[in-house]
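Beneath this line is the structure, given in structure tokens, with notes to follow.
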Amino acid sequence: ERYLGRLYRDLGLSRKEFLALGRQNPDDDAEPFCMTVLAMRLSAHLNAVSRLHEPVSRRIWGGVWPHVPLDEYPLSHVTNGIHVRSWISRDLDELFDLYLGEDWVERAGEAAVWQGVEHIPPVELWRAYERRRERLVAFARRRLRGQLQARGATESDLSRADEALNPDVLTIGFARRFVSYKRGTLLLRDPDRLAALLNDPHRPVQIIYAGKAHPRDDAGKELIREIVHLARQERFMNRIVFLENYDMEVARYMVQGVDVWLNTPRRGLEASGTSGMKAAANGVLNLSVLDGWWDEAYRPEIGWAIGGGEEDGHEADRDEVESHALYDLLEKEVVPMFYERGSDHLPRRWIARMKRAMTTLCPTFNTHRMVREYAERF
């Protein structure tokens, strides 16, 4: 009454008629008023934000159209995209100007433009990439030191922060809002296997976590506590770092500087996701569950998929299976490829995969394509 009473009276509606617009069952006076249902009833067009999100949305909101067959719901999809230049590193921006043409920004939705990535000499691309990883490590050390100072850490702890991570080591990034379905600790389920992976003397690995939990989400806060607790163990010291106060600055450093972008949601719960797109625009390779945008983007030659898109079975069983699949991928494919170097010390197979990922993903998963699709279809 306080906020919408005048509105529905001006529209010539009774209170009951207005509330019915926000209920899946208009005749159920006990059903809570839902802003999403209101928007769906009053919109000319409805769209999900990825291909997979469309059937998921049909299942969730089927009650809005109870007498309409599932495949005839007035719902389609437009997959999200990112503004490429807002997220790529300065080094990469300069390489794109040189090899894609200075007008690539205006033509970012054209596949032909991105073929120019193939002309970037591997040594130039890799040197730019190593500089970005070095900047990320330096930034992470500063943030970590600040976090410790705020908690009154000892001088010896502060000194260790200055030695955290290594700019020459394969770096995995995981940065997002911490909620249970995103499974931020999937990689931590077998600490002994993880320790062996991270501390391999010839092919070491390090992980940077960043994110926040909603103040009222105790389960999300518990995930963060678990990561921080593990990172303090001696065997994970300097190999696992958690960056607090996740914001756009942290996000930029991470999507520009890590080697692998990890995403582990339970399939069907990630509507789209855009952080992996931002990473891909920087040549970072995605290692993700087939959910959200990655379900339609994934090809074996551009990244890695955890599992095969299964949705059946008990959650705990799926977590166990996909955790093992994640370890297997890292041990047998990701890590060996990164450290496979030729006489010029370049990981040429890795660089080739970086280039294929950019030429495949960048023309599609950007705002040029997304806005054009909205304009043409809706």
Side-chain angles (χ1 to χ4, degrees), residues 84 87-102 104 111-141 163-173 196-208 238-239 252-262 276 278-287 298-304 328-363:
V84 176
W87 292 100
I88 61 171
S89 70
R90 189 167 55 252
D91 306 84
L92 208 54
D93 193 8
E94 292 173 358
L95 285 177
F96 285 175
D97 281 349
L98 190 59
Y99 292 99
L100 276 62
E102 292 187 357
W104 73 268
V113 170
W114 291 99
Q115 292 304 311
V117 169
E118 295 291 350
H119 301 305
I120 302 175
V123 65
E124 288 191 43
L125 183 58
W126 191 245
R127 294 294 173 258
Y129 205 78
E130 289 187 312
R131 287 194 296 272
R132 286 155 36 192
R133 195 187 313 112
E134 289 170 1
R135 284 199 290 269
L136 170 62
V137 168
F139 171 78
R141 288 172 175 171
E163 299 173 2
L165 306 173
N166 183 324
D168 298 319
V169 167
L170 169 61
T171 305
I172 298 172
L197 178 71
L198 301 190
N199 295 305
D200 185 306
H202 305 293
R203 300 186 305 193
V205 179
Q206 58 196 12
I207 310 169
I208 302 178
N238 301 335
R239 285 283 183 255
R252 278 201 178 90
Y253 271 100
M254 289 192 63
V255 298
Q256 294 173 8
V258 300
D259 301 293
V260 175
W261 194 258
L262 180 63
K278 298 164 188 172
N282 281 284
V284 176
L285 300 181
N286 276 268
L287 170 57
Y298 169 69
R299 306 286 185 277
E301 66 273 13
I302 64 172
W304 295 275
D328 286 343
L329 282 169
L330 288 169
E331 293 166 348
K332 298 175 183 177
E333 296 187 34
V334 179
V335 176
M337 183 184 294
F338 180 85
Y339 284 106
E340 179 188 288
R341 307 294 169 102
S343 58
D344 54 5
H345 304 293
L346 294 178
R348 289 190 170 270
R349 280 208 304 145
W350 187 277
I351 295 170
R353 184 168 286 217
M354 288 170 60
K355 288 185 174 185
R356 281 195 296 270
M358 285 191 281
T359 57
T360 303
L361 301 174
C362 289

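Atoms considered below: every heavy atom in the structure, side chains included; atoms not considered: hydrogens, waters and symmetry mates.
Residues passing the ring pair (Phe, Tyr, Trp, His ring centres under 6.0 Å) test with Y298 are W294, sequence neighbours excluded. Partners of W114 by ring pair (Phe, Tyr, Trp, His ring centres under 6.0 Å), not counting sequence neighbours, listed by chain and number: F96, W104.
Taking the charged nitrogens against the carboxylate oxygens, R349 and E340 do have a contact shorter than 4.0 Å, which makes a salt bridge. Between D259 and R133, at least one side-chain nitrogen of the basic residue sits less than 4.0 Å from a carboxylate oxygen of the acidic one, meeting the salt-bridge criterion. Looking at R131 and E134, no side-chain N of the basic residue comes within less than 4.0 Å of a carboxylate O on the acidic one, giving no salt bridge.
Looking at heavy atoms from C-beta onward, V334 lies out of side-chain contact with Y339 at the 4.5 angstrom threshold. Considering only heavy atoms from C-beta on, I207 comes within 4.5 Å of L198 through its side chain. Within the 4.5 Å cutoff, the side chain of Y129 has heavy atoms near those of the V284 side chain. Side-chain contact between D91 and R135 is present, with at least one heavy-atom pair separated by less than 4.5 Å. Side-chain atoms of T360 and E301, non-hydrogen and from C-beta on, never get closer than 4.5 Å to each other. Looking at P167 and E130, their side chains never come closer than 4.5 Å, going by heavy atoms from C-beta outward. When side chains are defined from C-beta on, V123 does not count as touching D344, because their heavy atoms never get closer than 4.5 Å. Using a 4.5 Å cut-off on side-chain heavy atoms (C-beta onward), R353 and W304 make contact.
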Can you check side-chain contact (heavy atoms from CB on, under 4.5 Å) on L346 and R341, steps first, answer last?
CA-CA 5 Å; L346 294 178; R341 307 294 169 102; 5.8 Å; no
Residue pair V258, I172: steps toward the side-chain contact (heavy atoms from CB on, under 4.5 Å) verdict:
CA-CA 6 Å; V258 300; I172 298 172; over 6 Å; no
With side-chain contact (heavy atoms from CB on, under 4.5 Å) as the test, would you mind laying out the steps for L285 and W261 before giving the verdict?
CA-CA 6 Å; L285 300 181; W261 194 258; over 6 Å; no
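Separation of atoms CZ (R203) and CZ (F338) is listed at 12.0 Å; rounding is to 0.5 Å. With rounding to the nearest 0.5 Å, the separation of CZ in R356 from CZ in R299 is 13.0 Å. Once rounded to the nearest 0.5 Å, the distance linking OG of S89 with CG of L95 reads 8.0 Å. For the atom pair R252 CZ and I88 CD1, the distance stands at 11.0 Å (nearest 0.5 Å). Once rounded to the nearest 0.5 Å, the distance linking CG of D200 with CD of E331 reads 10.0 Å.
Among the candidates T171, I208, N238, the single residue satisfying the side-chain contact (heavy atoms from CB on, under 4.5 Å) test with L165 is I208. Paired with M358 under the rule side-chain contact (heavy atoms from CB on, under 4.5 Å), one option of L125, N282, I120 passes, and it is L125.
The two residues L330 and L197 come nearest to each other via the heavy atoms CD1-CD2, 3.8 Å. The shortest heavy-atom contact between R239 and V169 is NH1-CG2, 4.5 Å. Here the shortest heavy-atom pairing between A280 and N286 reads CB-ND2, 3.8 Å. Across all their heavy atoms, C362 and A281 have their closest contact at SG-CA, 3.7 Å.
Between the side chains of E124 and Y99, at least one donor-acceptor pair of N or O atoms lies under 3.5 Å.
R132 places a side-chain N or O within 3.5 Å of a backbone atom of Q256 that can act as its donor or acceptor partner.
Applying the 6.0 Å contact sphere to CZ of R90 captures no more than 12 heavy atoms from other residues, nucleotides or ligands.
In this structure, R348 fails the cation-pi test against W126, since its NZ or CZ atom is not both closer than 6.0 Å to the six-membered ring centre and inside 45 degrees of the ring normal.
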